[in-house]
Amino acid sequence: MSSRARLADIAAKAGVSEATVSRVLNGKPGVAEDTKQSVLTALDVLGFERPSRLRRRSAGLIGLVMPELINPIFPAFAQVIESALSQRGYTPVLCTQSPSGATEEEYVEMLLERGVSGIIFVSGLHADTGADHERYQALVERRLPVVFVNGWLPAVEAPFVSSDEYAAMEQAVTHLVALGHRRIGFASGPERFIVVQRKLAGYRTSMKAQLGLSDEDLDPMVALSMFGVEGGEAAGRQLLDAEVTAVVCGSDMMALGVIRAARQRGLSVPGDVSVVGYDDAPMMEFTDPPMTTIRQPVQAMGLAAVQSLLEEVRGHATPHTEFLFRPELVVRGSTGPR
C-alpha cells in the first residue's frame, strides 16, 4: 500500500486532514493533544505500526498465572484481566499451566526474573489446601504485590477476590426444591480445594435447612470426583445409582459429564434428571439443553483483582481481606419439575 493511501485511510478514520496526520507522524508541533490521540488510535485500529517515539511506554509487566484453558471460564477471566491491565498501560504476561508444562513455581521464577510489577493468581495452588503455601508468603515478604482469585489463605497478607460459593449452592438448592426435587445430588472435584469445601458446606447447609435432611441422609448423594467432563460423568453414574432426580455441579464442565451419564442410561434432561452447572462459562447457553447454571461475576471479579493489584503496585496498601462477589442463578433448559 502506498504511503499516500495509508495517510488517506488514517485521516478518514480519525476524521482529520491528511496534513494533520502527517504532522502527528512526523512529530511536528501545533496539533492538539486529543487530535493527536485520535490519529494514534486510528493507526492502532487500522493495524499500522506507530513510529517508535510514539509507541506506548509500558507501565510494567504483570504476571497472570492460571490453570489450563480447557475450561472456558479461565479464558473468560484472562480476557477481562488482560484487557483491564492493557487499558491502564500495563503489559500482561499470561502463564497457563498444563499437566506436562511448567509448574506454578517455575512460572513465578520466570516472572521474577523478568522484573514483573506484580502477579495475579487465578484458581492456583492457593486454592489447594494440600499445597505448600510458603511460596506466597515469600512473595509478600519481598514486597511483590500479589492478588488471588478464588481461594483463601488467612496467613498471606494480600487481597483475595472470590465468588460466594455458599450463596451459589443456596440458590441452586432453592431452585430445585421449588421444582419439587427432594433427592438432589452434589457432584464436584476433590475436597482438598477450598472452592469445593465451600460449595459442599453450602449444599449441606441448604439441604438440611430446606428439606430437614441429616448428614447421613446426604452422604450417599455427594460424589466428589475429578474436575472436567470425565469427572462429571463418573460422579453422575454414582449419583444416578443413588436415585437422585437432580444434580448440582461444581462446574459447567462437570455438569456436561453428568448429562452424558444420564443419556447413556436412556434418561432425558430435564425430563428424568435436572442438572445445574456452575460458572456460566461461555457457550453454556448453546448446549443441549441450554445449561441452567450459577454465573460467576467474572467481569466484576477480574476488575476488582486488577484494581487491588495496581493499588499495591502504586504503593497504597489494600486490605488483607476477601472480597466476596455474589453469583447469580441463570435458569435455562437443563432443569425442570420433578
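Atoms CG and CD1, on Leu309 and Ile62 in that order, are 5.0 Å from each other to the nearest 0.5 Å. Going from atom CG of Leu144 over to atom OH of Tyr136 covers 13.0 Å, rounded to the nearest 0.5 Å. Atom-to-atom distance recorded for Leu218:CG and Phe186:CZ is 11.5 Å, nearest 0.5 angstrom. For the atom pair NZ of Lys13 and CZ of Phe48, the computed distance is 11.0 Å after rounding to the nearest 0.5 Å. To the nearest 0.5 Å, atom CG of residue Leu64 and atom OH of residue Tyr107 are 11.0 Å apart. Taking CG of Leu240 as the start and CZ of Arg265 as the end, the distance is 5.0 Å to the nearest 0.5 Å.
Residue Arg182 comes nearest to Met207 through the heavy atom pair O-CE, 3.9 Å, listed as atom of the first residue, atom of the second, then distance. Closest heavy-atom contact between Thr293 and Val276: CA-CG1, 4.2 Å. Contact detail for Gly232 and Val258: the closest heavy-atom pair is O-CG2, 3.4 Å. In terms of heavy-atom proximity, Gly189 sits nearest to Val196 at O-CG1, 3.4 Å. Taking each heavy atom of Pro145 and Glu312 in turn, the nearest pair found is CB-CB, 3.5 Å. Pairing each heavy atom of Ala167 with each of Pro327, the nearest pair is CB-CD, 4.4 Å.
Heavy atoms from other residues, nucleotides or ligands lying under 6.0 Å from CD of Gln264 number more than 12. Applying the 6.0 Å contact sphere to CZ of Arg338 captures no more than 12 heavy atoms from other residues, nucleotides or ligands. Atom CD of Glu68 is surrounded by more than 12 heavy atoms from other residues, nucleotides or ligands within 6.0 Å.
Using a 4.5 Å heavy-atom cutoff, the side chains of Phe160 and Thr321 are not in contact. With a 4.5 Å cut-off on side-chain heavy atoms, Glu328 and Gln296 do not count as touching. Two residues are said to be in side-chain contact when any heavy atoms from C-beta on lie closer than 4.5 Å; Pro297 and Phe325 meet this criterion. Using a 4.5 Å heavy-atom cutoff, the side chains of Ile73 and Asp252 are not in contact. The shortest side-chain heavy-atom distance between Asp241 and Gln238 does not fall under the 4.5 Å cut-off. The side-chain heavy atoms of Cys249 and Val275, taken from C-beta on, include a pair separated by under 4.5 Å. When side chains are defined from C-beta on, Asp280 does not count as touching Ile294, because their heavy atoms never get closer than 4.5 Å. Residues Arg237 and Arg260 form no side-chain contact, since every pair of their non-hydrogen atoms from C-beta on lies 4.5 Å or further apart.
Not a single donor-acceptor pair under 3.5 Å links the side chain of Gln87 to the backbone N or O of Ala84. With Gln171 contributing its side chain and Leu329 its backbone, the two residues share a donor-acceptor pair below 3.5 Å. Although no hydrogens or angles enter the test, the distance criterion places a donor-acceptor pair under 3.5 Å between the side chain of Asp128 and the main chain of Gly130. In this structure a side-chain-to-backbone donor-acceptor pair under 3.5 Å is missing from Thr20 to Val16. Side-chain N or O atoms of Thr287 include one that pairs as donor or acceptor with a backbone N or O of Met284 at under 3.5 Å. A donor-acceptor pair under 3.5 Å is formed between the side chain of Ser274 and the backbone N or O of Gly336. The closest donor-acceptor contact from the side chain of Ser86 to the backbone of Glu82 lies under 3.5 Å. Put simply, the side chain of Ser334 gets close to the backbone of Thr292: a donor and an acceptor are under 3.5 Å apart. Listed for the Ser22 side chain is no donor-acceptor partner under 3.5 Å among the backbone atoms of Glu18. Remark: the backbone N or O of Ser251 is not paired with any side-chain donor or acceptor of Asp279 at under 3.5 angstrom.
Salt bridge absent: Glu243 and Arg183 never bring a charged side-chain N and a carboxylate O closer than 4.0 Å.
Trp152 has its ring centre no less than 6.0 Å from the ring centre of His133.
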Residues Met169, Val248; criterion side-chain contact (heavy atoms from CB on, under 4.5 Å); working and verdict: CA-CA 8 Å; Met169 293 302 104; Val248 179; 3.6 Å; yes

Assess whether side-chain contact (heavy atoms from CB on, under 4.5 Å) is satisfied between Phe77 and Met301, documenting all intermediate values. CA-CA 8 Å; Phe77 267 115; Met301 289 170 67; 3.9 Å; yes

Evaluate the side-chain contact (heavy atoms from CB on, under 4.5 Å) criterion for residues Gln210 and Leu176: first the C-alpha distance (whole Å), next the side-chain angles of each, then the deciding distance (0.1 Å), finally the verdict. CA-CA 11 Å; Gln210 298 191 47; Leu176 292 167; over 6 Å; no

Dump the intermediate steps for side-chain contact (heavy atoms from CB on, under 4.5 Å) on Tyr90 and Leu310, then the final yes or no. CA-CA 10 Å; Tyr90 288 83; Leu310 296 188; 3.7 Å; yes

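If you check the side chains of Ser188 and Tyr278, you find no donor sitting under 3.5 Å from an acceptor. A donor and an acceptor atom, one from each side chain of Glu311 and Thr318, are nowhere located under 3.5 Å apart.
Under a hydrophobic-cluster definition in which Ile, Leu, Val, Met, Phe, Trp and Tyr are linked whenever side-chain heavy atoms come within less than 4.5 Å, directly or via other members, Val229 and Leu239 are assigned to the same cluster. Taking hydrophobic clusters as Ile, Leu, Val, Met, Phe, Trp and Tyr residues chained together by side-chain heavy-atom distances below 4.5 Å, Val80 shares a cluster with Met66. Linking Ile, Leu, Val, Met, Phe, Trp and Tyr residues whenever their side-chain heavy atoms come within less than 4.5 Å leaves Met226 and Phe74 in two separate clusters. Criterion: ILVMFWY side-chain heavy atoms under 4.5 Å apart, direct or through other members. Under it, Met291 and Val331 are part of a common hydrophobic cluster. Cluster membership check: Leu267 shares its hydrophobic cluster with Val269, using side-chain heavy-atom separations under 4.5 Å among Ile, Leu, Val, Met, Phe, Trp and Tyr.
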Output a table of donor-acceptor pairs, distance under 3.5 Å, between side-chain atoms of residues 108-127 and any protein atom two or more places apart or on a different chain; print 'none' if there are none.
| residue | atom | partner | partner atom | Å |
| --- | --- | --- | --- | --- |
| His126 | ND1 | Gly124 | N | 3.4 |
| His126 | NE2 | Val149 | O | 3.1 |
| His126 | NE2 | Asn150 | O | 3.3 |

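Under the 4.5 angstrom side-chain criterion for Ile, Leu, Val, Met, Phe, Trp and Tyr, the cluster partners of Met283 are Phe286.
Taking the centre and axis of the six-membered ring of Tyr166, the NZ or CZ atom of Arg198 falls outside the cone set by 45° and 6.0 Å.
Sequence neighbours left out, the pairs with a member in residues 202-219 that pass salt bridge (Lys or Arg N to Asp or Glu O under 4.0 Å) are Arg204-Asp215, Arg204-Asp219, Lys208-Asp215.
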